[in-house]
Protein chains: 2
Amino acid sequence: MNIGEAAQASGVSAKMVRYYERIGLIRAATRTESGYRVYSDEDVHTLRFIRRSRGLGFSIEETAELLALWRDRERASADVKSFALKHVKDLEAKIESLQSMCRTLRHLAGSCHGDGRPDCPILDDIAAFGPGDKKEAKRTKAVSTCNHSH
Amino acid sequence: MNIGEAAQASGVSAKMVRYYERIGLIRAATRTESGYRVYSDEDVHTLRFIRRSRGLGFSIEETAELLALWRDRERASADVKSFALKHVKDLEAKIESLQSMCRTLRHLAGSCHGDGRPDCPILDDIAAFGPGDKKEAKRTKAVSTCNHSH
DNA sequence: ATAAAGCTTCCCACCGGGGGAAGGTCAAGC
DNA sequence: GCTTGACCTTCCCCCGGTGGGAAGCTTTAT
């Protein structure tokens, strides 16, 4: 099977298959005499594994670890489980971060008239000195330093 | 004010300030005779605006649009509001995508013993034939359907 | 005067890819 | 046979954002 077929069968683009080979995520494919890469069903299976892993949000490096676990018939399922749960925690952290942005924006949008007038609490807030700005003190200092002779 | 001070005052690294100038997000700073960039309080304010916008998940391009809206005293607040709400929708889509991954992984982890035995439904699922396989594409739809149906 | 800190530009790296050029190979149709 | 088009190869550049660092100049402090 050529790379195009393997790509279609696995759902991974040919470009990415070459990339995965180049970075060592998959082993170098055997070649025909003319240099074409040749793939087996097992290779396709691996590519599909990678695609699924990526689809679950695992990084390439994490995917490599998952692949190693997958190939290791001696691994303890506890290892896999803890690996998965660690990733769940990472995902939850990202989700919470995005939700925080979302909450803020929804709140701001809620307090914006949304009419033809230019008055806008959204921009006012973004432009405001936030209370979470640790640099506030230093800023004020820098400002006064800058305003006067420096 | 030099770039280092402006960076500290705005919370944007000096590196990023130069980058923002280079890509045209901020206008080129005036220079001293020796070539040092010089920033005013207004510049710092702009940098802080950018930092806040980025912190709310707006891309640099979106941030440029927000900056334009901010500077346009004639804009309608409705424009800002719809812009913000569009971004909220983008964020929600990302959140939903991550939550889908999370649900799947939690479900898989829940069905994994997590003991010393190698048997692991997590890896089994990732290795399963899913969508992307064209030949034998009628296997465990049950598992992924379970993820989907929540 | 000298050393340190800060500034400048320039290049490289990261992740996960996409686009495309230049050139070789294969299979089908005439 | 020969042409054509699809496919393959390597190679390089691009993206978003950010960090690191080298080489060299300027400013400041001692």
Run the side-chain contact (heavy atoms from CB on, under 4.5 Å) test against Lys94(B) and tell me which residues pass, sequence neighbours left out. Leu98(A)

Contact check, residues 93-104 of chain A vs DNA chain D, heavy-atom distance under 4.0 Å, returns none

Which residues satisfy the side-chain contact (heavy atoms from CB on, under 4.5 Å) test with Tyr36(B), sequence neighbours excluded? Asn2(B), Thr32(B), Ser34(B)

Listed by chain and number, what are the side-chain hydrogen bond (donor to acceptor under 3.5 Å, both in side chains) partners of Thr30(B), not counting sequence neighbours? none

Here the pair of heavy atoms bringing Ser77(A) nearest to Asp119(B) is CB-O, 3.1 Å

Correct closest heavy-atom pair for Ala84(B) and Ile122(A) would be CB-CD1, 3.9 Å

Measure across Gly57(B) and His87(B) and return the closest heavy-atom pair with its distance rounded to 0.1 Å. O-CE1, 3.0 Å

Apply salt bridge (charged side-chain N to carboxylate O under 4.0 Å, His left out) to Arg27(A) and list each qualifying residue two or more places apart in sequence or on a separate chain. Asp43(A)

Divergence of helical axes at both termini of the helix from dA1(C)-dT30(D) to dC30(C)-dG1(D) - five pairs an end, 10° steps: 20°

Smallest separation among heavy atoms of Ser111(A) and Pro121(A), with atom names: O-CG, 3.1 Å

Please list, in numerical order, the residues of residues 31-38 of chain A that have a heavy atom closer than 4.0 Å to any atom of DNA chain C. Ser34(A), Tyr36(A)

Numerically ordered, the residues 55-69 of chain A set in heavy-atom contact under 4.0 Å with DNA chain C is Ser59(A), Ile60(A)

Which atoms of nucleotides 19-23 of chain D (N or O only) lie under 3.5 Å from a protein N or O atom, and what are those distances?
from: dG19(D); atom 1: OP2; to: Ser13(B); atom 2: OG; distance (Å): 3.3
from: dG20(D); atom 1: N7; to: Lys15(B); atom 2: NZ; distance (Å): 2.8
from: dG20(D); atom 1: O6; to: Lys15(B); atom 2: NZ; distance (Å): 3.2
from: dG21(D); atom 1: N7; to: Lys15(B); atom 2: NZ; distance (Å): 3.1
from: dG21(D); atom 1: O6; to: Lys15(B); atom 2: NZ; distance (Å): 2.5

Pair listing, salt bridge (charged side-chain N to carboxylate O under 4.0 Å, His left out) test, anchored in residues 67-77 of chain A, at least two apart: none

Inspect the surroundings of CD in Glu92(A) and state if more than 12 heavy atoms from other residues, nucleotides or ligands are less than 6.0 Å away. yes

Return a table of donor-acceptor pairs under 3.5 angstrom between the side chains of residues 11-23 of chain B and protein atoms on other chains or two or more places apart.
from: Ser13(B); atom 1: OG; to: Met16(B); atom 2: N; distance (Å): 3.1
from: Glu21(B); atom 1: OE1; to: Ala29(B); atom 2: N; distance (Å): 3.4
from: Glu21(B); atom 1: OE1; to: Arg37(B); atom 2: NE; distance (Å): 3.0

DNA chain C: first to last nucleotide in contact with chain B (atom under 4.0 angstrom from a heavy atom), 5' to 3', is dG6(C) to dT9(C)

So which atom in Leu105(A) and which in Leu56(B) form the shortest heavy-atom distance, rounded to 0.1 Å? CD1-O, 4.0 Å

Within this structure, what is the CD1-CD distance for the pair Ile3(B) and Glu5(B), rounded to the nearest 0.5 Å? 11.5 Å

Charged N to carboxylate O under 4.0 angstrom, Glu96(B) versus Lys89(B)? no

Would a distance-only check, ignoring hydrogens and angles, find a side-chain to backbone donor-acceptor pair under 3.5 Å from Thr104(A) to Ser100(A)? yes

Please report the closest heavy-atom contact between Gly114(A) and Ala78(B), naming both atoms and the distance. O-CB, 3.2 Å

Does Arg54(B) or Glu21(A) map to a spot on DNA chain D nearer the 5' end, using the closest nucleotide for each? Glu21(A)

Angle class for the Trp70(B)/His45(B) ring planes (parallel below 30°, perpendicular above 60°, tilted otherwise)? perpendicular

